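Have a look at the structure below before the remarks.
None of the values given here were measured: they were computed from a predicted structure.
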Amino acid sequence: MPDIRLLSSSEARAICADLCEVLADCVNGGASVGFMQPYGPGDAAPYWQGVADSVETGATLLLVAAIEGKIVGTVQVGAAQMPNQPHRGDLKKLLVHRRARGRGLARLLMEAAEREAVRFGKTLLVLDTATGSDAEAIYPRLGWQRVGVIPDYAMWPEGGLCDTTLFYKRIAA
C-alpha cells in the first residue's frame, strides 16, 4: 500500500535525491514538465531546492507517494496567490516514476492534493498539461473540467512544440 504524505521543507530537503530521480525519469520518459532531455538527477537538484524553499514559506504544498519507503511520485499545489485569488491553487508537477505506474498513484496523489488544498482554504484548482500526453487523460477521470487548448505553449523534452490543455476543478463549496 502506498504512503501518501505532505512534506515539510526539511523533509523535502532530506529526500531531494529521490525527488530528483523521479523528475529525471519522467523527463527522460517524455513528460513535458518544463525541462529538456537529456536530464539527469543532478540537473533536478536546483529545482527541488527551490521547491523546498517554497514549501518553507508556505507558497507550495508538496506531497509524495512512497512504496516500501522509496519515493515514486509527487505533486505540488501552488498555494500563494495574488490578493484577489486567495481561494485558488495551481496544481503542478504530477509525477510518477515509470516503474511505479499502473498502481493508481496519480489518483491517490491528486486526491491527497485536493484534500490538503481544501485544508489550506482553497476552493478551486487549475492546471495545464501537454495536449495529447498520457497525463491529459487522467484529469477528466478525476472530475476535472477541460477549458481549452493553447497552441505551441511549450516544448516536448526531446524537442518540438506542444500544445497545452487547461483544466479546473472546484474542490469545495
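The shortest non-hydrogen separation linking Leu7 to Ala12 is CD1-CA, 4.0 Å. The two atoms that bring Arg99 and Arg103 nearest to each other are O-NH2, 3.8 Å, heavy atoms only. Contact record, Ser32 with Ala130: CB-CB, 3.9 Å, taken as the closest heavy-atom pair. Residues Ala44 and Leu23 come closest through the heavy atom pair CB-CD2, 3.8 Å. Contact record, Ala113 with Leu91: CB-CD1, 4.0 Å, taken as the closest heavy-atom pair. Looking at every heavy atom in both residues, Asp43 comes nearest to Pro38 through OD2-O, 4.1 Å.
Heavy atoms of other residues, nucleotides or ligands lying less than 6.0 angstrom from CZ of Arg101 number more than 12.
Taking the charged nitrogens against the carboxylate oxygens, Asp3 and Lys70 have no contact shorter than 4.0 Å, which rules out a salt bridge.
Ring geometry for Trp144 against Tyr139 counts as perpendicular: the plane angle is over 60°, on a 0 to 90° scale with 30° as the lower cut.
Residues Ile4 and Leu6 share a hydrophobic cluster, clusters being chains of Ile/Leu/Val/Met/Phe/Trp/Tyr side chains in contact below 4.5 Å. In this structure, Val33 is not a member of the same hydrophobic cluster as Leu94, with clusters built from ILVMFWY side-chain heavy atoms closer than 4.5 Å. No chain of hydrophobic side-chain contacts below 4.5 Å, direct or via other Ile, Leu, Val, Met, Phe, Trp or Tyr residues, connects Val75 to Phe35. There is a path of hydrophobic side-chain contacts, each under 4.5 Å, that joins Phe120 to Val118. Two different hydrophobic clusters hold Trp156 and Val27 under the rule that ILVMFWY side chains link at heavy-atom gaps under 4.5 Å.
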Quiz item: Stepwise, does the side-chain contact (heavy atoms from CB on, under 4.5 Å) test hold for Arg141 with Arg107?
Solution: CA-CA 9 Å; Arg141 291 193 310 253; Arg107 178 183 51 79; over 6 Å; no
Practice problem: Test Arg13 against Glu56 for side-chain contact (heavy atoms from CB on, under 4.5 Å), laying out the working first. | Solution: CA-CA 10 Å; Arg13 287 182 177 89; Glu56 188 167 12; 3.3 Å; yes
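Residues satisfying the side-chain contact (heavy atoms from CB on, under 4.5 Å) test with Ile150, not counting sequence neighbours, are Tyr153, Thr164, Leu166. With sequence neighbours excluded, no residue forms a side-chain contact (heavy atoms from CB on, under 4.5 Å) with Asp134.
Of the listed residues (Asp90, Leu62, Leu61), just one forms a side chain to side chain contact (heavy atoms under 4.5 Å, CB included) with Val77, and that residue is Leu61.
From Gln49, atom CD reaches atom SG of Cys20 across 7.5 Å, with rounding to the nearest 0.5 Å. Of the inter-residue distances, the one linking Thr60 atom OG1 with Gln76 atom CD reads 6.0 Å to the nearest 0.5 angstrom. If you take CG on Leu109 and CG on Leu142, they are separated by 11.0 Å, rounding to the nearest 0.5 Å. How far NZ of Lys122 is from CD of Glu116: 13.0 Å, rounded to the nearest 0.5 Å.
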